[in-house]
Visitor: 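Dropping a structure here in structure tokens format, bear with me for questions.
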Amino acid sequence: IVCHVMYLFAEFDDAANLLAANPDATTISIDEPVEIPKNQHSHLQEPGREEDDELLGTDDSDKTELLAGQKKSAPFWTFEYYQTFFDVDTYQVLDRIKGSVFPVPGKNFVRLYIRSNPDLYGPFWICATLVFTIAVSGNLSNFFIHLGKPTYHYVPEFRKVSIAATTIYAYAWLVPLALWGFLMWRNSKVMNIVSYSFLEIVCVYGYSLFIYIPTAILWIIPQKVVRWVLVVFSLCLSGSVLVMTFWPAVRDDNRRIAVATVAAILLLHALLAVGCLAYFFDAPELDIPAPIIPAHNGTTVITKSH
Amino acid sequence: FPGLADVSISQDIPVEGEITVPVGSHSPDEDYSTLDEPVKDTIMRDLKAVGKKFVHVMYPRKSSALLRDWDLWGPLVLCVSLALMLQGGSADSKDDGGPQFAEVFVIIWFGAVVITLNSKLLGGTISFFQSLCVLGYCVMPLTVAMLVCRLVLLAGAGTVSFIIRLIVVGAMFAWSTLGEFWLWGGCEGCAAPRFLADSQPPNRKALVVYPIFLFYFVISWMILTFTPQ
């Protein structure tokens, strides 16, 4: 019951603060926001921080920790513990996907959509779909590019599926792990207002990969310009989701470290996209008349330029 | 209990009865141990059960109580035959060819286990092995498609054969997925007992059905892209 009440009240930032202070109290839904003195972090509040409220939803790590502790109460060796990570309905998953594809400027993905209910369904199945989409699209694209050549013999290239799976799952799990460790380490040195649990970071990364699924399908088009425009476009969308999520978490830190962290996040994301494009999709051939190179034994060898 | 106030049980009326515990799913009306029956009977009974399930998958009828008695023989036979038929594909180098036997096997079984775990984690109440049984048996239309593809490829490997194979694989993929969807999700107007459908929480049916769709799509892709040497 507490979990459902929490879900309803997450919209009202101040009411949520009230509940965090006293989780067992029954509360009544009120339509207008209630003004409650923010006494938890008042020593960190500055006049220039009002825009935080909209971005963060006036969240604080205390509330998240308290809720997290209440939700996952089953011991980790029982099945029920893992069921708490799949406590989402269809419309929630669809909402989260929508939120990752159409990032609202100024709104934090984690606070707006995940609201202390991180799920593993989205990250896992989005990664699985992405793996197979990239493998199938790459195969199809190579088929169409090389179609018509007399020496071309179609191969299914099934080995690439395992490579794609390893890469994408490693990215979706190891990078959040590293980022979470890094944020925890910085949290111990600098007091941050916002901190995320490991599962929330995994969730953000998993849902941010969704935009690559339609991108991979469109990469079948054998035009270099189209492919690179798609890369930039999808990178902007999913990168902005990541930046808007993690910038509040590192902003309080040393300026250089904050910028370096966000830059590293974006760089890894770009590397994934460009790497997948380069490895799974052959370059479309250019129609330039090939130079004729006389070989040593007198026969001419025609080479095609890529 | 006012009506029972003057009921008394005399001491010399014997109280007797029978307590029976259902033995198992196979033959509840047998009163002798199956250890004593001839081996032929045992094998024939299991073979008949498997055969009935094959027929039921191809022509689903109203009573889906058949799948309550799960067995994994059918899925094993289907998986092995599909993996064997996917062998012999062409490859320029070892890395570029079609899936190896072990890869097909792992994809089918590991995929089925992951889908079952997914549905159980989302709150489904279906038994683990029942779900594996249903997923395995619904691979049958795709195995038939693979057989047809291999026969078509014997005739030739041109565009016409590709179109035929595409149509056959597409139809069998739709059959498998719709069969699964019918069993898992049910349909509103169907009178069939949807015991699998009722075991899923109502707001999460799409979340449960999508991985099944992905699973059969991958198997169909492997079948469609099979090219002989």
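Both backbone and side-chain heavy atoms feed into the values below; hydrogens, waters and symmetry mates do not. What you are looking at is a predicted structure, and each value in this text was computed from that prediction instead of being measured. The sequence lines fix the lettering, A, B, ..., with proteins before strands; numbering per chain opens at 1.
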Visitor: Have a look at Ile108(B) and tell me which of Val113(B), Val218(B), Leu82(B), Leu135(B) forms a side-chain contact (heavy atoms from CB on, under 4.5 Å) with it.
Guide: Leu82(B)
Visitor: Is it the backbone or the side chain of Phe143(A) that comes under 4.5 Å from a heavy atom of chain B, or both, or neither?
Guide: neither
Visitor: Measure distances from Asn139(A) to the heavy atoms of chain B and classify the residue's part below 4.5 Å as side chain, backbone, both or neither.
Guide: side chain
Visitor: Heavy-atom distances under 4.5 Å only: say whether Tyr121(A) touches chain B with side chain, backbone, both or neither.
Guide: side chain
Visitor: Could you tell me which residues satisfy ring pair (Phe, Tyr, Trp, His ring centres under 6.0 Å) with Phe217(B), sequence neighbours excluded, listed by chain and number?
Guide: none
Visitor: Rounded to the nearest 0.5 Å, what separation is found between the CG atom of Asp89(A) and the CD atom of Gln92(A)?
Guide: 5.0 Å
Visitor: What do the steps show when you test Thr167(A) against Tyr279(A) for side chain to side chain donor-acceptor pair (under 3.5 Å), and what is the final call?
Guide: CA-CA 11 Å; Thr167(A) 316; Tyr279(A) 183 70; over 6 Å; no
Visitor: By a 4.5 Å heavy-atom criterion (distance strictly below it), what part of Ile107(B) contacts chain A: side chain, backbone, both, or neither?
Guide: side chain
Visitor: Which one wins on heavy-atom pair count under 4.5 Å against chain B: Val161(A), Val136(A), Leu94(A)?
Guide: Val136(A)
Visitor: What option among Leu207(B), Thr225(B), Leu122(B), Val114(B) has the most heavy-atom pairs under 4.5 Å with chain A?
Guide: Leu207(B)
Visitor: Name the one of Tyr205(A), Phe210(A), Tyr212(A), Phe233(A) that satisfies side-chain contact (heavy atoms from CB on, under 4.5 Å) with Ser238(A)?
Guide: Tyr212(A)
